[in-house]
Amino acid sequence: MKLTQRPRRNRKTEAIRNMVAETDLRVDQLVLPLFLVEGKNEKQAIQSMPGIFRMSPDMILGEVEKAVGLGVKTFDLFPALPESKKDTYGKESLNPNGLVPTTLKMIRDKFPDVTLITDVALDPYSSDGHDGIVKNGKILNDETVEVLAQMSLVHALAGADIISPSDMMDGRVGAIREALDEDGFTDVGILSYSVKYASIFYGPFREALDSAPKFGDKKTYQMDFRNTREALREIEQDEFEGADMVMVKPALSYLDVIAKVKAHTTLPVAAYNVSGEYGLIKAGAKAGIIDETRAMVETLYSIRRAGADIIFTYFALPMAEWLRQQK
Ligand code: PBG
């Protein structure tokens, strides 16, 4: 054939492929979520998330040390609380000696340079398993936002670098920014879960925290997966209210949304490679359907290629190991 264009020439050798590769992934871009549980020397397996554990604060220190050794220096904290500490108002979320503030201080003491993100929403603290205060079967917006702003102060005081509201209430970013500024925490950032869809892919996470909604679903606050223009509306609002970074969640069924959001904002864009996305690859590998490492690598690069600057992923440590081996 007489062809002017033979794109295969650029794929001829590994060196050429590396030279023309468009997407890079650095270990600095990975965030490791950590599941906390009360007690000492606790390390509890999560059935739907092989390789991920709920750990007591003392054990978390070991996990952070391992991560730092691999170059992963950013962590997101999620508490798994006993049912006895949950109520309609999520009061435990304001306890300055609660599981999250205690663990924050312990990590900060030992690892002054790591970046600590905290998730702000009521679901780990709510006896209803919802992200907000429930009254007569409704999730109250404005009353919830007040609690979220207070919770953010508790986290900031304990040493959080970045507050990450995942609740999808309206107006929470502005309220949190105002509360932080009023108390002098002008340096504490906000990474907003701006675009969070009501998704089946959160299933394993809810097992990890035992936080599934006790009634109904989260569709009156989390987004409808049929929409993208609404995503841009959420981004604009959060920018206006003072978000420093925005997030799209989940990642894999929403790569188009990540790309659109990236084109629409000048803020750094995060994507959350969620628990169900992790669990499916693990299960597929166990069933002999797919090679786990290659599936992980392809998945995380695809999220970067779509436009994510930051990736929250339960694969952070194996991915960091893989990246290290490339050099
Ligand atoms: C709750 C929250 C959820 C996740 C992060 N924060 C679950 C939910 O909204 O039900 C999901 C994370 C994951 O699935 O990995 N505010």
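Ligands are counted one by one from 1 in listed order, and the atoms in each one are counted from 1 as well.
- Side-chain contact of Thr265 with Glu239: a donor-acceptor pair under 3.5 Å is present, judged by distance alone.
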So Asp309 and Lys262, salt bridge (Lys or Arg N to Asp or Glu O under 4.0 Å) or not? Walk me through it.
-> CA-CA 9 Å; Asp309 302 296; Lys262 184 63 177 281; 3.1 Å; yes
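- Ring to ring, Phe35 and Phe53 are not that close: their centroids are 6.0 angstrom or more apart.
- Classification of the Tyr301-Trp322 ring pair by plane angle, with boundaries at 30° and 60°, yields perpendicular.
- Using 4.0 Å as the threshold, Gln222 has a heavy atom nearer than that to some atom of ligand 1.
- At distances below 3.5 Å, at least one donor-acceptor pair connects side-chain atoms of Asp87 with backbone N or O atoms of Gly90.
- Closest to atom 3 (C) of ligand 1 by heavy atom, among Phe205, Phe35, Phe78, is Phe205.
- Residue contact check for ligand 1: Tyr278 places no non-hydrogen atom closer than 4.0 Å to it.
- Contacts with ligand 1 closer than 4.0 Å are made by no heavy atom of Asp167, backbone or side chain.
- Contact annotation for Val274 and ligand 1: heavy atoms of both the backbone and the side chain come within less than 4.0 Å of the ligand.
- In this structure, atom 4 (C) of ligand 1 lies nearest to the protein heavy atom Lys249 NZ, 2.5 Å.
- Among residue pairs with one or both ends in residues 39-56, none qualify as salt bridge (charged side-chain N to carboxylate O under 4.0 Å, His left out); sequence neighbours excluded.
- With Arg108 as the fixed residue, the side chain to side chain contact (heavy atoms under 4.5 Å, CB included) test singles out one of Thr103, Asp161, Asp113: Asp161.
- Heavy atoms of Phe312 come nearer than 4.0 angstrom to ligand 1 in no pair at all.
- In the candidate list Ser275, Ser126, Gly276, Ser275 is nearest to atom 13 (C) of ligand 1, counting heavy atoms.
- Within the listing of ligand 1, atoms 16 (N) sit less than 4.0 angstrom from a heavy atom of Ala121.
- Nearest to atom 16 (N) of ligand 1 among the protein's heavy atoms is Ser166 OG, 2.7 Å.
- Nearest protein heavy-atom neighbour of atom 2 (C) of ligand 1: Lys196 NZ, 3.2 Å.
- Among protein heavy atoms, the minimum distance from atom 8 (C) of ligand 1 is reached at Lys218 NZ, 3.3 Å.
- Sorted by first and then second residue, the side-chain hydrogen bond (donor to acceptor under 3.5 Å, both in side chains) pairs with a member in residues 114-125 read Thr118-His155, Asp119-Ser166, Asp119-Tyr193; sequence neighbours excluded.
- Cation-pi check for Lys282 over Tyr314 is not met; the charged atom does not lie both under 6.0 angstrom from the ring centroid and within 45 degrees of its normal.
- Listed by atom number, the atoms of ligand 1 under 4.0 Å from Asp131 heavy atoms are 1 (C), 16 (N).
- Near Tyr272, meaning under 4.0 Å from any of its heavy atoms, are these atoms of ligand 1: 12 (C), 15 (O).
- Closest protein heavy atom to atom 1 (C) of ligand 1: Asp123 OD2, 2.8 Å.
- Near Tyr314, meaning under 4.0 Å from one of its heavy atoms, ligand 1 places the atoms 12 (C), 13 (C), 15 (O).
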Decide yes or no on salt bridge (Lys or Arg N to Asp or Glu O under 4.0 Å) for Lys218 and Asp131, but give the supporting numbers first.
-> CA-CA 8 Å; Lys218 299 192 174 184; Asp131 291 24; 2.7 Å; yes
